[in-house]
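Worksheet: the structure to be examined is printed underneath.
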Amino acid sequence: MGKEVRVRYAPSPTGLPHVGNIRTALFNWLFARHYGGKFIVRIEDTDRARYVDTATEAMLDGLRWLGIDWDEGPQVGGLYASYFQSERLPLYQQAASKLVSEGKAYYCYCTPERLDKMRETQIAAKTPPGYDRTCRSLSDAQRAALEKQSLPCVVRFKCPSNGKTVFNDAIRGQVEFENALLDDFIILKSDGYPTYHLANVVDDAAMHISHVLRAEEWIPSTPKHILLYEALDLKDHVPIFAHMPMILGPDKSKLSKRHGAIAITAYKEEGYLPESMFNFLALLGWAYDDKTEIFDCQELIKYFDLNKVSKTAAIFNVDKLNWMNGMYIRSLEPTDLAARMQPLVEEHIKKLTIQDVQYLQDITPLIQERIKLLNKENVVEPIRFFFTDKLEYSTDNLKASKLEKEPTQKVISTVKERLQTLNEFSDKNLEIIIKPLLEQSSLKPGQFYGALRWAVSASEVSPPIYSTMRVLGKERVINRMQDALAALKTF
RNA sequence: GGCGCGUUCGUCUAGUGGCCUAGGACGCUGCCCUCUCAAGGCGGAGAUCAGGGGUUCGAAUCCCCUACGCGCUACCA
């Protein structure tokens, strides 16, 4: 690689950042970090009609959440500021004027209404839709007359009517387009803002972008961009293009809002770990070998390679993401996990004291391997009983033991009696005390432990019973057994 | 319609001419472990490598055609 690697992520702030966009950002970032280059964020806010005020911040939040940092861009600035296209308008306008004065572009006065109508007729006649180039061949007199009326106008690029534009895609190899098939596309809109094509080329050149890694949907506009570089005498700045596969919805169409939860922020809220999201996204369209699935960030940087990016669009497989998230949760240090759970617990149960925090740390290993997502359902509900003083005992949550009232009573009271004499509640001690009682009881283990589980948690499921009792502690366990016995009498 | 890109288990993928009677992962499923729920361990089903022609001693891998999917075809990006 000759020159410095400089890549950019150039989102348009028109909505929430979805996983496809973020995956593009991720590949760019990985590529930059792999080669020790620069990762730049540039906000392409040239569409004032679709502009969404909060989108930029949401985008940056998404990147930060995943640990993707940028060397130049919003908030950090850089040598080529501004990194908001709306603040670089003069640059694009100059470029457009230059092209017009050199006869490589022209003003077009056609109204949107006429253009729409034209397109309709073209489609009806089954001819390729495209601008009919009316204004390209205006005489000087006609042009002067139009100008005098101060009509709104756009600038269109004069596409060559012959020859081919060829480029070598780093992922797909050589791609060719017939120039004659290209439209005289708009480069400057009537509101003075550039279109993507112009702004992109002007900025990529100005910012010395070396590689353009973007989604596959941009392949058809790449020849336009190359033609623009040439027309602007920026041939030396033409970057290496690499078009990455798209991420599809389950119906195999381009990912969009109608596919539901696709915004990166939604995954954050649903309780996915940024580490697993990062890992998962990296594997969507890229693979290192034939077996490795779990990679940390450093490994990803080390191994990332454009040659291994696939050409095929990928469907976002939530099942696999869920599995991976579980893998990451299980691999967390319990104290780390507890810290990540704490906000959820405080939101749904109560504000935690210092002692509670310690208690939570003790509880965490018991449910760690059962958590799929960091959300209320997965972390709060399963441990709620640890924090509840008065449990709600009912015949409903007693069903699992499949025991009648009498034997349940007997199990709880005998165990309670023995437990009162035990001072140190360790898993081992509890087993030594309780197991013989099971053997004497002639009950099935499921029934026996089910009764105890109910007494201690008022629930049909809980972590293993000895550990649960150990963490609850003697006082709580005895009290709960008393409460359970009292409740039983009323059934 | 035109142009472009793509096509290996349901899904994500490995595979760059012989190691492929196609490997891994998710999901599904059987068994084991087990006090519930998980987690874990060991198995299984699941891809005639889109189809058809070539090239070659030999093709998932190279070439051609066809089909299908997707994308682009906006004063959106």
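A, B, ... follow the sequence lines: proteins, then strands. Residue 1 opens every chain. For the numbers below, each heavy atom of this structure counts, side chains included, while hydrogens, waters and symmetry mates do not.
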Of the options [options], whose atoms approach the side-chain atoms of [X] most closely?
| X | options | answer |
| --- | --- | --- |
| E369(A) | rC12(B), rA39(B), rC70(B) | rA39(B) |
| L181(A) | rG2(B), rC76(B), rA74(B) | rG2(B) |
| N317(A) | rG4(B), rC26(B), rG24(B) | rC26(B) |
| R172(A) | rC5(B), rC35(B), rU13(B) | rC5(B) |
| S310(A) | rA74(B), rC26(B), rU13(B) | rU13(B) |
| W323(A) | rC35(B), rA74(B), rC26(B) | rC26(B) |
| P128(A) | rC5(B), rA77(B), rG1(B) | rG1(B) |
| K252(A) | rA39(B), rC75(B), rU11(B) | rU11(B) |
| D290(A) | rU11(B), rG71(B), rA14(B) | rA14(B) |
| P445(A) | rC35(B), rG27(B), rC75(B) | rC35(B) |

For [N], take OP1 and OP2 only and decide whether either is under 4.0 Å from a side-chain N or O of [X].
| X | N | value |
| --- | --- | --- |
| K189(A) | rC76(B) | yes |
| K308(A) | rA14(B) | no |
| T46(A) | rA77(B) | yes |
| R330(A) | rG40(B) | yes |

(Q) Looking only at the side chains, is there a donor atom on one of R88(A) and S82(A) sitting less than 3.5 Å from an acceptor on the other? (A)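 No, no side-chain donor-acceptor pair sits under 3.5 Å.
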
Looking across every strand, which nucleic acid part, if any, lies under 4.0 Å from [X] by heavy atom: base, sugar-phosphate, or nothing?
| X | value |
| --- | --- |
| G130(A) | nothing |
| M324(A) | nothing |
| F177(A) | sugar-phosphate |
| C110(A) | base |
| W218(A) | base |
| E176(A) | sugar-phosphate |
| I219(A) | sugar-phosphate |
| K291(A) | sugar-phosphate |
| T312(A) | sugar-phosphate |
| R50(A) | base |

Provide the distance between the two [atom1] atoms, one in [N] and one in [M], to the nearest whole Å.
| N | M | atom1 | result |
| --- | --- | --- | --- |
| rA67(B) | rA50(B) | C1' | 8 Å |
| rA45(B) | rC70(B) | C1' | 31 Å |
| rA60(B) | rG17(B) | C1' | 11 Å |
| rA22(B) | rC65(B) | C1' | 26 Å |
| rU7(B) | rC62(B) | P | 10 Å |
| rU48(B) | rC20(B) | C1' | 14 Å |
| rG53(B) | rG6(B) | P | 24 Å |
| rC9(B) | rU61(B) | P | 14 Å |

May I ask which nucleotide in the shown strands pairs with [N], Watson-Crick or G-U wobble, both distances under 3.5 Å?
| N | result |
| --- | --- |
| rC33(B) | none |
| rG18(B) | rC57(B) |
| rC28(B) | rG44(B) |
| rC3(B) | rG71(B) |

Q) Could a donor-acceptor pair under 3.5 angstrom be found where the side chain of R370(A) meets the base of rC37(B)? A)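 Side chain to base: pair found, below 3.5 Å.
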
Q. D184(A) and salt bridge (charged side-chain N to carboxylate O under 4.0 Å, His left out): which partner among K158(A), R136(A), R156(A)?
A.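 The salt bridge (charged side-chain N to carboxylate O under 4.0 Å, His left out) with D184(A) is passed solely by R136(A) among K158(A), R136(A), R156(A).
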
Q. Does any non-hydrogen side-chain atom of L66(A) lie less than 4.5 Å from one of L26(A)?
A.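 No, too far: nothing below the 4.5 Å cut-off.
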
Q: Select from A313(A) and E44(A) the residue whose nearest nucleotide in RNA chain B is closer to the 5' end of that strand.
A: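 Closest to the 5' end, via its nearest nucleotide, is A313(A).
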
Q: Assign each of P129(A) and P245(A) to its nearest nucleotide of RNA chain B by heavy atoms, then name whichever residue's nucleotide is nearer the 5' end.
A: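 The residue mapped nearer the 5' terminus is P129(A).
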
Q. Out of F157(A), W218(A), F185(A), which residue meets the side chain to side chain contact (heavy atoms under 4.5 Å, CB included) rule with K224(A)?
A.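 Answer to the side chain to side chain contact (heavy atoms under 4.5 Å, CB included) test with K224(A) among F157(A), W218(A), F185(A): F185(A).
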
Mind calculating the distance between [atom1] ([X]) and [atom2] ([N]) to the nearest angstrom?
| X | N | atom1 | atom2 | answer |
| --- | --- | --- | --- | --- |
| H197(A) | rC76(B) | NE2 | P | 10 Å |
| N322(A) | rA25(B) | CG | C1' | 14 Å |
| D47(A) | rC75(B) | CG | P | 12 Å |
| L198(A) | rC75(B) | CG | C1' | 13 Å |
| Q85(A) | rC76(B) | CD | P | 13 Å |
| L373(A) | rA38(B) | CG | P | 15 Å |
| I315(A) | rG69(B) | CD1 | P | 14 Å |
| K224(A) | rA77(B) | NZ | P | 12 Å |

Decide if the gap between the ring center of [X] and the ring center of [Y] is smaller than 6.0 angstrom.
| X | Y | result |
| --- | --- | --- |
| F167(A) | H225(A) | no |
| Y449(A) | W454(A) | no |
| F316(A) | F280(A) | yes |

Q | Check: D296(A) main-chain N/O paired with E299(A) side-chain donor or acceptor under 3.5 Å | A |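 A pair under 3.5 Å: yes.
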
(Q) Using a 3.5 Å distance criterion without hydrogens, assess whether the side chain of Q409(A) forms a donor-acceptor pair with backbone atoms of L488(A). (A)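 Checked: no pair found.
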
Q. With under 30° as parallel and over 60° as perpendicular, where do the rings of H243(A) and F241(A) fit, or are they tilted in between?
A.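 Ring orientation of H243(A) relative to F241(A): parallel.
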
